[in-house]
Structure formats: structure tokens, C-alpha cells
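Positions are given from 1, in the same order as the sequence printed here. Just so we're clear, the structure is a prediction, and the values are computed from it rather than from any experiment. Each ligand, and each atom within it, is numbered from 1 in the order the structure gives.
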Amino acid sequence: MDARKLQRFEHTRNLLACPICHEPLDLQGASLVCAHRHSFDVARQGYVNLLRGAKQPQGYDRASFEHRRQVFESGLYDPIADALCHAVEAASPTLPVIDAGCGEGFFARAVRHATDTGVCAFDIVRDSIQLAAAADPEDGIMWLVADLAAIPVQDGHAGCVLDVFSPANYHEFRRILAPTGRIVKVVPTANHLRELRERAAESLRHQDYSNQRVLDHFAASCTLETRQTVTCMHQLDARTLEALVAMTPLLFNVDTDAVDWSGISSVTVEADVLVGHF
Ligand SMILES: [Zn+2]
């Protein structure tokens, strides 16, 4: 195994908890091991599966994550990544940043490159973590297959939780965050990819999307400190448009082959960046 991929897991003792007994996990050889000898191998790609035998959710195949990667590489989400990095820098965490539901890892990598803080990123979808972990041996991120409902992090040992375009579990976020820790959540607004939504309007189950329910849940679950709306227009080439249509959850219930996407040359990217604490 690439030694740099193993090095990602050198400092787990004060962060990761065994998913079976909750004791600290230590790197021993090429495995994370707890005091009760529960052992989880570091996979060749440089990640650890802490959900052995768990059923994988449907609808997230490797192709969908490759489409996501293509869209991210086009720069579409760079303004949101920049705002996310600024929010993390402003929180100046002294303990590691946890990316909850990191997908193929674009935002975790952005934060890792922008800050000196350690980053641990997990997702329940093994294919996405395999893609993420295989990408960049230099990134130093601890990649895990893990469950949002039982985050394998010791109580109070996270400096910041990232929750980007992904469901939240505020009970778990509260448990793992240090008293000074911050949660940074990114939520798409009603304007996000408006051009695609308008084109697919006849096929959409919900004509008017609103993120108000998600914002209300955030404000009810923790103390909202700041809310920043990031907006930009992004030019699209045909290939990126195709990948975007294939990957966006907005269109998961739409027969995208039945919609005429021609003539869309740019899209609006807009999201709210929320910062809060418990
Ligand atoms: Zn254990």
C-alpha cells in the first residue's frame, strides 16, 4: 500500500471511536484497532470501512459520482467551496474538521487545502469514498465509510462539522463537537440551478422548491450565528450540462431523457452557508 495513504490514519487516537465498543481507534500496521481488538483494515485506496456488512443505499452508483466529479472539476461549485473555506477559517478550529456526508470529497479537499486543520470525511456510500480516497495521496484526509446516525468520532473531539448539500443529524453533531466547535451547513436556495428546474417544470413533483424548512430546522437545533447567500452564474459546455443533469438530486424523480435541455448555456449556482454552535 502507498505509505502516504496509510499516513492519513496516523492520528486517529484522539478522534475516532470504534463503531462497536466506542473505545479509541489506533493505527496498528495497516488496520485501525481498539482496546477490545476490533479491527478495521485500511483499504488499498486509503480509506477505512467502519460499516462492514452494512447494506448500501440505492441510487448512488459509481457513474453518478463520476458525473459529480466532472461537474466539480468544471468549477461550478468553486464559489461555494470558497465561502465554505472562509466560514471554516473564521471558526478557526483547533480540533479536526469532520465532513459529514462528504460524497466524492470535493468540499473536504477544498477545506483541507485551505486550512491547516486535520480533516476527516465520511459517507455511507462506499463507492463515493473509494473514489475520494483514490484521488489524491497528498491530501492527508481520513476517509471513512460510516453512518451519519452513529458518527465514529469520540464525544467532544471535533472542532467543526461540515454538512454540505447533505442531511443533518444534529444529535450526533452536538455529541461530537467540542464546546467551542462550529457547524457549517450549506443548503441550496430556490434559485439554485433555476434554469434546469424551469426546463423540467412539467415533470417536477414540487414546482416551487424552498429551503425554509431546512433553515428552520437548523435554527431550532442550534444557535445560528451567520447566514450568507452565495450566488453566481456559471457558463456550461454541453458535456458539463449533461453531467449536471445526470447528477443533481433536483432531477432524481424526473425522466431526464424526456426533457429538451438544448440551449442552456449557463446556470445559477446559489446556496446559503449557515454557521452555528450548540
Ligand atoms: Zn471496539
Side-chain angles (χ1 to χ4, degrees), residues 1-57 60 93-105 108-109 111-112 117-135 137 139-163 166-183 221 278:
M1 180 176 327
D2 187 330
R4 292 169 301 178
K5 292 190 171 174
L6 213 49
Q7 276 168 14
R8 292 169 173 172
F9 297 94
E10 273 182 343
H11 303 290
T12 60
R13 181 157 190 85
N14 291 317
L15 182 67
L16 298 185
C18 172
I20 299 165
C21 68
H22 310 296
E23 292 292 325
L25 285 171
D26 250 339
L27 182 64
Q28 296 181 17
S31 304
L32 296 183
V33 183
C34 75
H36 294 110
R37 309 303 298 169
H38 300 127
S39 177
F40 304 87
D41 294 343
V42 181
R44 167 174 58 81
Q45 296 92 338
Y47 72 94
V48 177
N49 185 352
L50 295 175
L51 278 183
R52 285 177 306 195
K55 205 163 165 254
Q56 287 291 296
Y60 287 93
T94 52
L95 292 169
V97 175
I98 310 295
D99 187 352
C102 64
E104 59 72 61
R109 280 191 294 276
V111 168
R112 176 69 185 128
T117 321
V119 175
C120 170
F122 73 87
D123 202 287
I124 197 166
V125 183
R126 191 186 51 233
D127 279 352
S128 67
I129 291 296
Q130 272 180 357
L131 266 179
D139 63 27
I141 295 173
M142 290 177 223
W143 300 103
L144 305 174
V145 180
D147 186 355
L148 180 66
I151 301 177
V153 169
Q154 298 166 33
D155 295 0
H157 279 65
C160 189
V161 170
L162 310 182
D163 182 31
S166 191
N169 184 317
Y170 293 106
H171 179 79
E172 278 293 89
F173 294 170
R174 177 195 287 265
R175 179 184 66 77
I176 67 171
L177 272 177
T180 55
R182 294 291 185 277
I183 163 172
S221 305
F278 289 101

Practice task
State the CD1-CG distance between Ile124 and Leu50, to the nearest 0.5 angstrom.
Solution key: 12.0 Å
Problem - 2.8 Å cut-off met by an N, O or S atom of His22 to the Zn ion (ligand 1) - result: no
Fill in the blank from the handout: In this structure, CZ of Arg112 is separated from SG of Cys120 (nearest 0.5 Å) by 12.0 Å
Handout entry: Lys/Arg N to Asp/Glu carboxylate O, Arg109 vs Glu104, below 4.0 Å
Key = yes
Handout entry: Apex the Zn ion (ligand 1); atoms Cys21 SG and Cys34 SG; angle rounded to 10 degrees
Key = 110°
Handout entry: Neighbour count >12 (heavy atoms, 6.0 Å) for atom CZ, Arg44
Key = no
Handout entry: the Zn ion (ligand 1) - closest N/O/S atom in His38
Key = ND1
